[in-house]
Each structure stands twice: as C-alpha cells, then as structure tokens.
Amino acid sequence: MSASCPPPSGKKAVRSSTTLYFPSADGKLILPEVRNIAYAQVSPIEYLYTLLEELGKGASMPLCMETFPAPLEYIEEMPEIVRTEDGYLAIELCFDRQLEEEILRCGMTLDVYLAMLSDTLMGFVPGVEGLKMSIGEHELKTLSKEQTCDGREIAFEHGLATRASFSGYVGAPVTLYVMQGEGLAAVQHVMQQSLENQARARLEALIALDGTDAFALPRGLTPADILAVHTGTDVIAVNLSGAFCEAMKALSPAQERACVYAMVNTLTQGREASRVQFFFEGEQVSSLTGELEMRGAFVRNPGMVVN
C-alpha cells in the first residue's frame, strides 16, 4: 500500500486524498480507507490534528470495527512534532492511562491501535521519523506479549513506533465461499494483505470458519491437514491429509458438493487458474461419499453462488 502524498506547501487551505487505517472488525488487523480530507492550512501540525480527528470519526467500511477509542478523546497533552534527544523528528502523543482499558474493552489489543496511528500519521505527515508515545507516565518503547494480538513482544527502535514496527498488520478483504441452501454464498473475510493471494492462506481461512455458523469445510480440521498447495498457470493442486479425506467421507452428498466447490471457488477467485485438483496423502481417490468423481480437476463453478 503506497503512502498518501501530502499537498504542496504555500496554500492556506487544501483538500487531499488521504489513506486512513482502521481496525478490522475482529481487532487483529488494520484496513485502509481513502478519504478526500480538507486541511485548514498546509503544515505538518495541521495534518496531524486533522488526521487524529478523522480517525475519531471511525470507518465507513463494513469490515472495520464499528467503535473504538477516538485518539483525541484520550490525549493528556496536545500532540506535538518534536526533536528527540537522539535527534529524530517525531510525533509526540501522550495518552491518558484509561486508553488501554478502553482498547481492550473494544476487543482489540494495544498493538493494533498503535499500528492504526503509525500507518495513518506516518503515511501523510511529512518529515517525521516515528511516533513517541506514552500512556500515563509510561513511555511506550516496547510492547509486552499481553499487549499484542499474537502474543509476541515488540521493541521500538530508538523508542519510536514506525510503520515498520507493525509490518504485516495491514489487511485486505478476500472472498470466501460457504454453503447456503443447495448452493454457495460469497462472504467477505479479512486476512493479511501479504497473504491474500496465497492459496494455502485462503484454505486456512476456510478452516478458521470452524466454530461459526458458516459451513465450508468439515469441523475439526487444522492448517496441518493442508499438506501442500501448488499454484500453476491453469491448475491449483491441493494435497490434503488422510484425516481431511475421512472427514469429507462423513459428509452428506450435498455437504460434500458444497465443501468441494467452496474450496474450488475460493482458491480460483481473482486468479487465472480456474481448475483445482485434489489429492489425499499424495493420491487421488475416485470418490468420497459416492456422489462426486474426485479424479481429474474441478472447474470453478460460479453458477453455484446464490447471492
């Protein structure tokens, strides 16, 4: 995702297309949203205040979190652009200690909130090299395992949060297919932007639907049941575990058909490859429930999609 370009200097008031980032609905990633924003004057501090205000308005996209703490409502001291003791130009944000409690109450962790701030502000405010942040009297130079969504520790180089500090946090919407009646329904799902076109990641996203109301694959599978995936020019070859095979044999014929084409349509969405070939433990099988011929390759079937 390319950074927004700030407007040229020398004008008193401007409008500019700006990329903002907001937490995804599950609170694990951030999603970009482009807005045409009016800036009262051309200056880094004006951009800073305006962007913080815009973040406080929330996202308009349905895949984003509906409500989260508005940054300016938890600011203890007015934001500034400062020179650190090490000589770096930084945005200084001092938050009230209640902010972290509100972040957790909304269903996300501190790292996602800071990723939202870092990617939005550093993508537009010119010249700054990082964000110097504190919550209460505690300066944020590291994040503990409890403060991150994946349980890892993050250390900010030179004590400044940057876009690089949160590499991999930007998400992208992908289309998955799930069973609906006798056909399939297309649903939107968010995954890491760097993984959106990876076939394995798409299958793992279908597996992750286990425990939801949507049915796409048999229950109880894990990513370890995807043994290998190879994406060719025309055919995507998928090698699945023996446990995956047995789980599909336990399905009804209608569920088996939905399961197969949920994978086929999900894997071929937006790709040149339009066919999927299935293997189980490296071998093709003739049939699972006795209804579908599993040998050969399955062609993408948009006719099964009912919505």
Side-chain angles (χ1 to χ4, degrees), residues 18-33 35 37 44-82 84-85 88 90-125 128-166 168-171 190:
T18 307
T19 303
L20 306 172
Y21 291 84
F22 294 96
S24 59
D26 63 3
K28 295 181 179 179
L29 294 169
I30 55 174
L31 290 169
E33 179 179 315
R35 291 183 184 173
I37 299 176
I45 197 68
E46 174 63 25
Y47 304 154
L48 171 58
Y49 279 91
T50 303
L51 291 172
L52 290 173
E53 289 176 356
E54 287 291 326
L55 287 175
K57 296 176 182 178
S60 60
M61 299 183 299
L63 293 175
C64 290
M65 186 171 287
E66 291 185 5
T67 59
F68 58 87
L72 286 179
E73 292 183 9
Y74 293 88
I75 290 288
E76 280 192 333
E77 301 176 12
M78 299 309 290
E80 294 184 89
I81 297 176
V82 300
T84 69
E85 294 180 356
Y88 295 96
I91 295 171
E92 185 174 47
L93 300 173
C94 301
F95 292 106
D96 184 277
R97 65 183 60 190
Q98 188 180 355
L99 173 65
E100 192 164 7
E101 296 177 9
E102 293 301 318
I103 289 172
L104 292 173
R105 187 173 290 115
C106 288
M108 64 173 158
T109 44
L110 183 59
D111 59 332
V112 177
Y113 194 84
L114 300 188
M116 173 190 76
L117 294 173
S118 298
D119 279 49
T120 298
L121 300 179
M122 293 197 67
F124 197 84
V125 180
V128 295
E129 299 170 272
L131 275 60
K132 182 175 183 289
M133 295 180 288
S134 61
I135 295 181
E137 298 178 354
H138 176 64
E139 186 174 346
L140 293 173
K141 294 185 177 182
T142 62
L143 295 181
S144 67
K145 295 178 180 179
E146 293 73 28
Q147 292 173 314
T148 62
C149 60
D150 58 3
R152 64 188 176 97
E153 297 178 350
I154 298 177
F156 299 145
E157 189 173 1
H158 308 297
L160 301 179
T162 65
R163 302 183 80 173
S165 304
F166 304 104
Y169 278 68
V170 177
V190 176

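Since we're looking at a predicted model, the values are computed, not measured.
By the neighbour-count criterion of 12 heavy atoms within 6.0 Å, atom OH of Tyr88 is sparsely surrounded, having that number or fewer from other residues, nucleotides or ligands.
Taking Glu153 as the reference, Lys145 meet the side chain to side chain contact (heavy atoms under 4.5 Å, CB included) condition, with sequence neighbours excluded. The side-chain hydrogen bond (donor to acceptor under 3.5 Å, both in side chains) search around Lys141 returns none, not counting sequence neighbours.
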Residues Val125, Ile81; criterion side chain to side chain contact (heavy atoms under 4.5 Å, CB included); working and verdict
CA-CA 10 Å; Val125 180; Ile81 297 176; 4.1 Å; yes

Does the side chain to side chain contact (heavy atoms under 4.5 Å, CB included) test come out yes or no for Phe156 and Leu131, once each step is laid out?
CA-CA 10 Å; Phe156 299 145; Leu131 275 60; over 6 Å; no

Run Ser60 and Glu33 through side-chain hydrogen bond (donor to acceptor under 3.5 Å, both in side chains) and show every step you take.
CA-CA 8 Å; Ser60 60; Glu33 179 179 315; 2.9 Å; yes

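Between Thr18 and Thr50, every side-chain heavy-atom pair lies at or beyond the 4.5 Å cut-off. Two residues are said to be in side-chain contact when any heavy atoms from C-beta on lie closer than 4.5 Å; Leu31 and Phe22 fail this criterion. Contact annotation: the side chain of Thr162 never approaches that of Glu157 to less than 4.5 Å [non-hydrogen atoms, C-beta and beyond]. Between Ile135 and Tyr74 the shortest side-chain heavy-atom distance does not fall below 4.5 Å. In this structure, the side chains of Ile75 and Phe95 come closer than 4.5 Å at one or more pairs of heavy atoms.
Distance check: Lys28 NZ to Asp150 CG gives 10.0 Å after rounding to the nearest 0.5 Å. Atoms CD1 and CG, from Ile30 and Leu20 in turn, are 11.0 Å apart once rounded to the nearest 0.5 Å.
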What donor-acceptor contacts under 3.5 angstrom involve side-chain atoms of residues 105-124, with partners at least two apart or in another chain?
| residue | atom | partner | partner atom | Å |
| --- | --- | --- | --- | --- |
| Arg105 | NH1 | Glu102 | OE1 | 3.1 |
| Arg105 | NH1 | Glu102 | OE2 | 2.4 |
| Thr109 | OG1 | Asp111 | OD1 | 2.5 |
| Thr109 | OG1 | Cys149 | N | 3.2 |
| Asp111 | OD1 | Cys149 | N | 3.4 |
| Asp111 | OD2 | Cys149 | N | 3.0 |
| Asp111 | OD2 | Tyr169 | OH | 2.6 |
| Tyr113 | OH | Pro69 | O | 2.7 |
| Ser118 | OG | Leu114 | O | 3.0 |
| Thr120 | OG1 | Tyr21 | N | 2.9 |
| Thr120 | OG1 | Met116 | O | 2.9 |

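Between Val190 and Ser24 the shortest heavy-atom distance is CG1-CB, 4.3 Å. Nearest heavy-atom pair, Ala59 versus Arg35, reported as atom, atom and distance to 0.1 Å: CA-NH2, 3.7 Å. Of all non-hydrogen atoms in Gly171 and Leu29, the two that sit nearest each other are CA-CD1, 4.0 Å. Smallest separation of non-hydrogen atoms from Leu160 and Lys132: CD2-CB, 3.8 Å. The two atoms that bring Leu52 and Pro79 nearest to each other are CD1-CG, 3.8 Å, heavy atoms only.
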